[in-house]
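See structure below.
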Amino acid sequence: MIGFCGRSLRLEWHRVLMRGNEMAKFSDGAARVRFAPSPTGHLHLGGLRTALFDWLWARKTGGKFILRIEDTDRRRLEPESVSSLMRGLRWLGLDWDEGPDIGGPHSPYIQSERQEVYRKHAQALVDRGQAYRCYCTPERLETMREEQRRQRKPTGYDRRCRGLSDSERAEREAEGLPSVVRFAVPEEGVTVFTDLLRGEVQVDNRQLQDEVILKADGFPTYHLAAMVDDHLMQITHVLRGEEWLSTAPLHRLIVDAFGWDMPVLVHLPVILDPSGKGKMSKRKKTVAGKEYLALVHEFEDAGYLPDAMFNFLTNVGWNFDPVEEVFSREEAIDRFQLEEINPSAAALPYEKLDWLNGLYIRELTAGALKAALIPFLSRQLGLREDDLAGDRKLDILAPVIQERIKRLDEAAGWLDWAFQDAEDINYNEPKLLIGRKMDVDGSIQMLQAGASLLETVEPFAAESIQGAFREKADELDVKAGSLFGPIRGAVSGKKVSPPLFESIEALGREETLRRIERAKLALENLQTDEG
RNA sequence: GCCCCGUUCGUCUAGUGGCCCAGGACACCACCCUCUCAAGGUGGAGACAGGGGUUCGACUCCCCUACGGGGUACCA
């Protein structure tokens, strides 16, 4: 643990900055952390990573991981995305202890079902003069901003409604004007908050806005809803994207206005798109001609293993160990520390994910590998899952492609030939059957030699087939590769294939001979064409 | 424009004043192994954004600049 002594120094430093009431929460007690996505679309890797760190901290401290749906924006709402979100979390193995589907002591966990709670809290602030109703129309706000921009001044609400007298307010209410509630930010002074990773941050209150906390439609904005829920749900640690850093002072002010304690704030660095520029978006991104995935379900569909993804995501923004890159969930939970999170933005190293995924694939048992492969082969090759499950070809071939694939969806490209008929294999490309430094006659000879040998070899299994082939190569005084090459082409219809002898064994004697025969025919045609 | 945050090999990172002419991993290159392709093994190349301080000594502390990111909504 010597390596971590520096970390604890930093930890001490943060402790000094914390006030007494905040310190209690910073202790190592059971944490209550929440993942609070807004259901506006599919979950992407950035969101998943936030949830992952939430989960790690909850499990580490023996606390609770809470799922809360922040659906207060009706315009962007996509109701189906709630199930997509949950599916993504489950896929990675992030189980929640309280949430919309399973309930909990602070139900409901869907903000649209908590409107009354927010309304009351907003009203309490209005009653105490810490918030006020604003009757400005969106149109007025827009022209105001335009004017500010024109004058190159910072844009922001001019607080016109803040100074309204009681009679002016009564007048507007009588008229039935729609209104919002704005939080009344102190006009001067400095607001200070502490981010676990960055330390104390001070912001001049003059930079802050009288932000809307309750919209005209009666729904709260994030600023109110999240603060109220975090308090009511007794959240101890708030992990959220760095894009919230700028609004943290406002949140501190709101929390203070209610007289509540501030949770520990941890603003997670943004995840950059693969080009290293800009936040990762939900759109597919093409960098250097290659398309990068972003959505969780896309990674699932591409055949990334949850364990590999877990390992991968845990190690960006946080570092498990200076030397060891591969670790289990248990080890990650054991070592995870919030204050070790790196505050600088990072692009996802996709090549490393591929490497890790390959590594995890190689560690799969034969049974697990086969089971994992079946849905992919079924989908990509148009085969029935049941048929695949009972196909012995897969039992022979799956283990030999295991160290050759980095994603499950690559298997089809390695094995398609094994599930085709001899007639469907195209032997017309001469380079397929004729090796370098070989001619048509030579290749035909090799095919013939292979065929005659395969007719009699016993048992018809990879090892004995290989032995027979090597003997034959010696006998013909050719390099093994010269003999294997044309046979490989005949068997698989490819220049690059899984190991030859396992492939032959999988195909069986009869089918193999049929393919060699067809390949020979193709070469003979070539011969007569030329002759 | 204004405010906030960040900046170590191409990428993810270790590093918290001397252990660092900066360590690991992926990717890349070479060689070995080898039935193709992989996997594996060995080796190689590759970074402290720039400038000022502070200090006997700065990747590490402070300041400035540059660059990158985020925010500036009745979105989250």
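Naming: A, B, ... by sequence-line order, numbering from 1 per chain. All heavy atoms count here, side chains included; hydrogens, waters and symmetry mates do not.
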Just N and O in the side chain of R470(A): are any of them under 4.0 Å from OP1 or OP2 of rC35(B)?
yes
Pairing partner of rC2(B), by Watson-Crick or G-U wobble and under 3.5 Å for both distances, is rG71(B)
Closest listed nucleotide, where the reference is the side chain of K352(A) and the choices are rC35(B), rG70(B), rG24(B):
rG24(B)
With the threshold set at 4.0 Å, does a side-chain nitrogen-carboxylate oxygen contact exist between R149(A) and E146(A)?
no
Whole-Å distance, E324(A) CD to rA14(B) P, equals 16 Å
Below 4.0 angstrom, N of the basic side chain to O of the carboxylate: do D158(A) and K153(A) qualify?
no
Pair H251(A) and F183(A), ring centroids less than 6.0 Å apart:
no
Re rA47(B): Watson-Crick or G-U wobble partner, both distances kept under 3.5 Å, found to be none
Can you identify which nucleotide, out of rG71(B), rA27(B), rC5(B), has its nearest atom closest to the W355(A) side chain?
rA27(B)
N-O pairing of R140(A) and E147(A) below 4.0 Å
no
With a 4.0 Å cutoff (strictly under), does any side-chain N or O of T72(A) reach OP1 or OP2 of rA76(B)?
yes
Q207(A) has a side chain; which of rC2(B), rU13(B), rA76(B) sits nearest to it?
rC2(B)
Using whole Å, report how far CG of D195(A) lies from P of rC3(B).
20 Å
CD-CD1 distance between E410(A) and I405(A), expressed to the nearest 0.5 angstrom
6.5 Å
Provide, to the nearest angstrom, the distance between the CD atom belonging to E325(A) and the C1' atom belonging to rA25(B).
4 Å
Paired with rU7(B): which nucleotide, if any, by Watson-Crick or G-U wobble criteria at under 3.5 Å for both distances?
rA66(B)
Near-ring test F312(A)/Y350(A), centroid separation under 6.0 angstrom:
no
With P as the reference atom in both, quote the distance from rC37(B) to rC32(B) in angstrom, rounded to an integer.
14 Å
Paired with rU54(B) by Watson-Crick or G-U wobble geometry, both distances under 3.5 Å: which nucleotide is it?
none
Could you work out which one of rA76(B), rA14(B), rA27(B) sits closest to the side chain of H223(A)?
rA76(B)
For RNA chain B, what residues of residues 401-408 of chain A have any heavy atom nearer than 4.0 Å?
E403(A), R404(A), K406(A)
Regarding the side chain of W244(A), the nearest nucleotide among rU13(B), rA25(B), rA76(B) is rA76(B)
Is it true that D217(A) and K215(A) make a salt bridge, defined as a side-chain N closer than 4.0 Å to a carboxylate O?
no
Residue matched to rC35(B) through Watson-Crick or wobble contacts both under 3.5 angstrom
none
Name the nucleic acid region contacted by S497(A), choosing base, sugar-phosphate or nothing; use a 4.0 angstrom heavy-atom cut-off, strictly under.
base
On the nucleotide rA76(B), are OP1 or OP2 found under 4.0 Å from the side-chain N or O atoms that R74(A) carries?
no
From OH of Y118(A) across to C1' of rC74(B) the rounded distance in Å is 17 Å
Looking at K215(A), I'd like to know whether one of its side-chain N or O atoms comes within less than 4.0 Å of OP1 or OP2 on rC75(B).
yes
Options rA76(B), rG24(B), rC4(B), nucleotide nearest the side-chain atoms of L245(A):
rC4(B)
Reckon R182(A) has a side-chain N or O less than 4.0 Å from the OP1 or OP2 of rC74(B)?
yes
Does rA14(B) have OP1 or OP2 under 4.0 Å away from a side-chain N or O of N342(A)?
yes
Which one, rC2(B), rC35(B), rC12(B), comes nearest to the side chain of R488(A)?
rC35(B)
R172(A) and E175(A) ion-paired at < 4.0 Å:
no
Report the residue from F310(A), F327(A), F336(A) that forms a ring pair (Phe, Tyr, Trp, His ring centres under 6.0 Å) with F320(A).
F327(A)
Please state whether the phosphate of rA73(B), meaning OP1 or OP2, lies under 4.0 angstrom from any side-chain nitrogen or oxygen of R145(A).
yes
Taking the minimum atom-to-atom distance to the side chain of T155(A), which one of rC74(B), rU72(B), rA76(B) wins?
rU72(B)
Using a 4.0 Å heavy-atom cut-off across all strands, classify P349(A) as base, sugar-phosphate, or nothing.
sugar-phosphate
Which nucleotide in rA27(B), rC35(B), rC74(B) has an atom nearest any side-chain atom of L500(A)
rC35(B)
Using atom CD of E340(A) as one end and atom P of rA14(B) as the other, report the distance to the nearest whole Å.
9 Å
L313(A) CG - rC12(B) P separation (whole Å):
14 Å
Decide, yes or no, whether a salt bridge links E429(A) with K495(A) under the criterion of side-chain N to carboxylate O below 4.0 Å.
no
Look at the side chain of R362(A) and decide which nucleotide, out of rA39(B), rA14(B), rC74(B), has an atom nearest to it.
rA39(B)
